[in-house]
Chemist: 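Okay, handing you the structure first.
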Number of protein chains: 2
Amino acid sequence: MIGIEQRVAIFEGQLKQAGLRMTQQRRLILRILAEAHDHPDAKGIFTRAFEHDPTLSLSTVYRTMKLLESQGAIERHAFEDGVSRYEHADQQHHDHLIDVETGQVVEFSSPEIEALQAKIAAELGYEIVRHRLELYARKLPKAGRKRVKKDV
Amino acid sequence: MIGIEQRVAIFEGQLKQAGLRMTQQRRLILRILAEAHDHPDAKGIFTRAFEHDPTLSLSTVYRTMKLLESQGAIERHAFEDGVSRYEHADQQHHDHLIDVETGQVVEFSSPEIEALQAKIAAELGYEIVRHRLELYARKLPKAGRKRVKKDV
DNA sequence: ATGCAATTGCAAATGATTTGCATTATTCCT
DNA sequence: AGGAATAATGCAAATCATTTGCAATTGCAT
Ligand SMILES: [Mn+2]
Ligand SMILES: [Mn+2]
Ligand SMILES: [Zn+2]
Ligand SMILES: [Zn+2]
C-alpha cells in the first residue's frame, strides 16, 4: 500500500499522458478515497469531500469516479441495493461478504474459489475476464458467547 | 420441471391464501415466464406479453414481478448493466456466466463452489443467506476449431 | 346479480447517474 | 508574468429503470 502523495503523483502522471489536467477537485477526491477504509458511494464521497471544499459538486464526483475507474485507480462495486460503491484499487483482489443485518462489508479472498471459477469457466469453453462474488450473510452465534436474554 | 398449467394453479392457490386475486395479467405474465428459456427484463416480458394482451401496462409487469418474487415463484438477477432480469424459480440453484462479447448467459452449478463459499463464510463467523456469483467471460478458442481467416 | 376490496392503466414521482452549456481553471507558450 | 487554447467545473435539466397515487375496472365471495 503506497502513500497518498505518491498515489496523487501517479495519477497526475497518467492524466498528463492522456492530455488531461490535475484539478483541485480530482486531488481532493483521490485523497478522500485513499483515506477511506470502507466502500463509500458517490454521495458519501461527496459529503466527505464537501467538508474540505464546499464548492464541489456531485457531478464532479461522478465524473471523477468514472475517470479514476478508467485509469484503474479505483474499483466500482454494485451490491444488492444497486448504487455504485467505490474503493481504491491498490490492494490485492478480494471479494465481499455483506452482513445482511448491519450492511457491514467484510473483505475476503480465496485462491481456491478463484481457481475453481477459472476451472468452471474453462469447462464451459470460456476464460474469465472479471467476476463478481458477493456473500450476503448473517452473523453466526459464537460458541461461548454471552446468551441473549429470552423470556422477558 | 412441472407444467405451465400446474404452475399457474399453484400460484393461484398461493394468492388465494394471501387474500389476493388471480388476474388475466398475472396469468399471462406467469405463462410468459414459464415459457421463457432466457433471463428477460421487465421490458422484455412486457413486450412478449403485450402481443397477447395489448392493454397490458409496464407498471403491471413490475408489480407482478415483485409479487412473483415475494411468492418465490421467480428469481431476480441484476447483472452488470444494472437492470433486473427474471427467471422462473423451478430449477435447482445455479449461477451465471455472461459472455462479455455477446451478452449470452450460460448457467452452471458447482457444489464445490457452494461448499467453499459456506466454508469461507463460516471462517469469518457468518452463515450465508444468499449469494451472487457471476463470471464475465470470453469464449476460448476451441482446439481444432476452424481457423479464422487472417491476412485478407 | 351485487358489493367491496384488490388490481389495473396512466401519468407523475423517484433516485441514481449523466449530460449540455456557459463559466472557470489549467497548461502550455511566449 | 500574460494570454490563448481547451479541459474541467457547477448547475440545471435530461435519462432511465422502477415505483407510486389515484380514479376506473375487475375478481370473487355472498
Ligand atoms: Mn473491497
Ligand atoms: Mn438462470
Ligand atoms: Zn474473486
Ligand atoms: Zn451459487
Side-chain angles (χ1 to χ4, degrees), chain A residues 8-9 11-32 39-47 49-71 73-86, chain B residues 8-9 11-30 32 39-47 49-71 73-86 103:
Chain A
V8 172
F11 183 50
E12 187 158 3
Q14 295 177 303
L15 289 179
K16 192 156 295 178
Q17 282 204 298
L20 305 178
R21 298 167 183 178
M22 173 53 81
T23 63
Q24 292 306 321
Q25 310 53 349
R26 287 175 180 171
R27 219 185 304 275
L28 172 57
I29 292 170
L30 190 53
R31 177 153 313 179
I32 297 285
H39 301 77
D41 61 10
K43 195 173 299 181
I45 293 163
F46 171 70
T47 301
F50 191 83
E51 290 172 25
H52 297 276
D53 173 5
T55 70
L56 181 69
S57 82
L58 185 53
S59 303
T60 296
V61 173
Y62 276 111
R63 280 191 275 236
T64 302
M65 299 323 288
K66 212 179 238 179
L67 179 65
L68 286 166
E69 191 188 0
S70 75
Q71 297 298 325
I74 62 170
E75 264 180 46
R76 181 160 50 87
H77 304 290
F79 298 148
E80 265 189 352
D81 65 34
V83 316
S84 291
R85 316 194 84 83
Y86 309 87
Chain B
V8 172
F11 183 50
E12 187 159 3
Q14 294 177 303
L15 289 179
K16 193 155 296 175
Q17 283 204 299
L20 306 178
R21 297 167 183 179
M22 173 53 80
T23 63
Q24 292 305 320
Q25 311 53 349
R26 286 174 181 172
R27 217 186 304 275
L28 173 58
I29 292 170
L30 190 52
I32 298 285
H39 301 76
D41 61 10
K43 196 173 296 180
I45 294 163
F46 171 70
T47 302
F50 191 83
E51 292 173 23
H52 296 277
D53 174 4
T55 70
L56 182 69
S57 83
L58 185 54
S59 303
T60 296
V61 173
Y62 276 111
R63 280 191 276 236
T64 302
M65 298 324 288
K66 212 179 237 178
L67 179 63
L68 285 166
E69 191 187 0
S70 75
Q71 296 299 324
I74 62 170
E75 264 181 44
R76 181 160 50 87
H77 305 289
F79 299 146
E80 266 189 352
D81 64 35
V83 316
S84 290
R85 316 194 85 83
Y86 308 87

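Below, each value reflects all heavy atoms present in this structure, side chains not excepted, and no hydrogens, waters or symmetry copies. Sequence lines set the chain letters: A, B, ... in the order given, protein chains first and strands last, and positions in each chain run from 1.
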Chemist: Between P on C:dC28 and CD on A:Q17, what's the gap in Å once rounded to a whole number?
Modeler: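 Value for this atom pair: 13 Å.
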
Chemist: Hey, are the side chains of A:R27 and A:E12 touching, using non-hydrogen atoms and a 4.5 Å cut-off?
Modeler: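 Heavy-atom side-chain distance check passes, below 4.5 Å.
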
Chemist: Might you point out which heavy atoms bring B:L56 and B:A49 nearest each other, and give the distance in Å?
Modeler: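 Minimum heavy-atom separation between B:L56 and B:A49: CD2-CB, 3.4 Å.
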
Chemist: State, to 0.1 Å, how close A:D81 and A:V83 come at their nearest heavy-atom pair, and which atoms those are.
Modeler: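 Looks like OD1-N, 2.8 Å.
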
Chemist: Are there over 12 heavy-atom neighbours, none belonging to A:R76, within less than 6.0 Å of that residue's CZ?
Modeler: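 12 or below, so no.
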
Chemist: What's the CD-P distance between B:Q14 and C:dA6, to the nearest Å?
Modeler: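 So the CD-P distance, B:Q14 to C:dA6, works out to 18 Å.
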
Chemist: Which nucleotide in the list C:dT17, D:dT19, D:dT18 gets nearest to the side chain of A:V83?
Modeler: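 Looking only at side-chain atoms, A:V83 lies closest to C:dT17.
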
Chemist: Please report, rounded to the nearest Å, how far the P atom of C:dA16 is from the CZ atom of A:R85.
Modeler: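 Rounded to the whole Å, the gap is 11 Å.
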
Chemist: What pair of heavy atoms forms the shortest contact from A:L20 to A:R26, and how long is it?
Modeler: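 Nearest pair, atom of A:L20 first, then A:R26: CB-NH1, 4.2 Å.
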
Chemist: Please enumerate all protein N or O atoms sitting under 3.5 Å from an N or O of nucleotides 11-15 of chain D, with distances to 0.1 Å.
Modeler:
{"residue": "D:dA12", "atom": "N6", "partner": "A:S59", "partner atom": "OG", "Å": "3.2"}

Chemist: Could you state the CG-P distance from A:L58 to C:dT19, rounded to the nearest angstrom?
Modeler: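 In whole Å, C:dT19 P lies 14 Å from A:L58 CG.
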
Chemist: Round to a whole Å and report the spacing from CG of B:D41 to P of D:dT19.
Modeler: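 For the pair B:D41 CG and D:dT19 P, the rounded distance is 13 Å.
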
Chemist: Quickly work out the A:I29 CD1 to D:dG10 C1' distance and round it to whole Å.
Modeler: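 Atom CD1 in A:I29 sits about 13 Å away from atom C1' in D:dG10.
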
Chemist: From the list D:dT19, C:dA16, D:dG10, which nucleotide is the closest neighbour of the side chain of A:T60?
Modeler: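 Nucleotide nearest to A:T60's side chain: D:dG10.
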
Chemist: Taking the ring centre of each residue, are B:H52 and B:F50 less than 6.0 Å apart?
Modeler: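 Ring-ring flag for B:H52/B:F50: false, centres at least 6.0 Å apart.
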
Chemist: Within this structure, what is the OH-NE2 distance for the pair A:Y86 and A:H77, rounded to the nearest 0.5 Å?
Modeler: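 Reported value, rounded in 0.5 Å steps: 11.0 Å.
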
Chemist: Would you tell me if any nitrogen or oxygen in the side chain of B:Y62 comes within less than 4.0 Å of OP1 or OP2 on D:dT19?
Modeler: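 Checking D:dT19 against B:Y62, no side-chain N or O comes under 4.0 Å of OP1 or OP2.
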
Chemist: To the nearest 0.5 Å, what is the distance between CD1 on A:I29 and CZ on A:R31?
Modeler: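 Interatomic distance, A:I29 CD1 to A:R31 CZ, rounded to 0.5 Å: 12.5 Å.
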
Chemist: How close or far is atom C1' of D:dG10 from atom CZ of A:F50, stated in whole angstroms?
Modeler: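 Going from CZ in A:F50 over to C1' in D:dG10 covers 12 Å.
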
Chemist: Which atoms of nucleotides 26-29 of chain D (N or O only) lie under 3.5 Å from a protein N or O atom, and what are those distances?
Modeler:
{"residue": "D:dG27", "atom": "O3'", "partner": "B:M22", "partner atom": "O", "Å": "3.4"}
{"residue": "D:dG27", "atom": "N2", "partner": "B:R21", "partner atom": "NH1", "Å": "3.3"}
{"residue": "D:dG27", "atom": "N2", "partner": "B:R21", "partner atom": "NH2", "Å": "2.7"}
{"residue": "D:dG27", "atom": "N3", "partner": "B:R21", "partner atom": "NH1", "Å": "3.2"}
{"residue": "D:dC28", "atom": "OP1", "partner": "B:M22", "partner atom": "N", "Å": "3.2"}

Chemist: Do the side chains of B:F11 and B:Q71 get nearer than 4.5 Å, heavy atoms only?
Modeler: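 B:Q71 reaches B:F11 side chain to side chain.
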
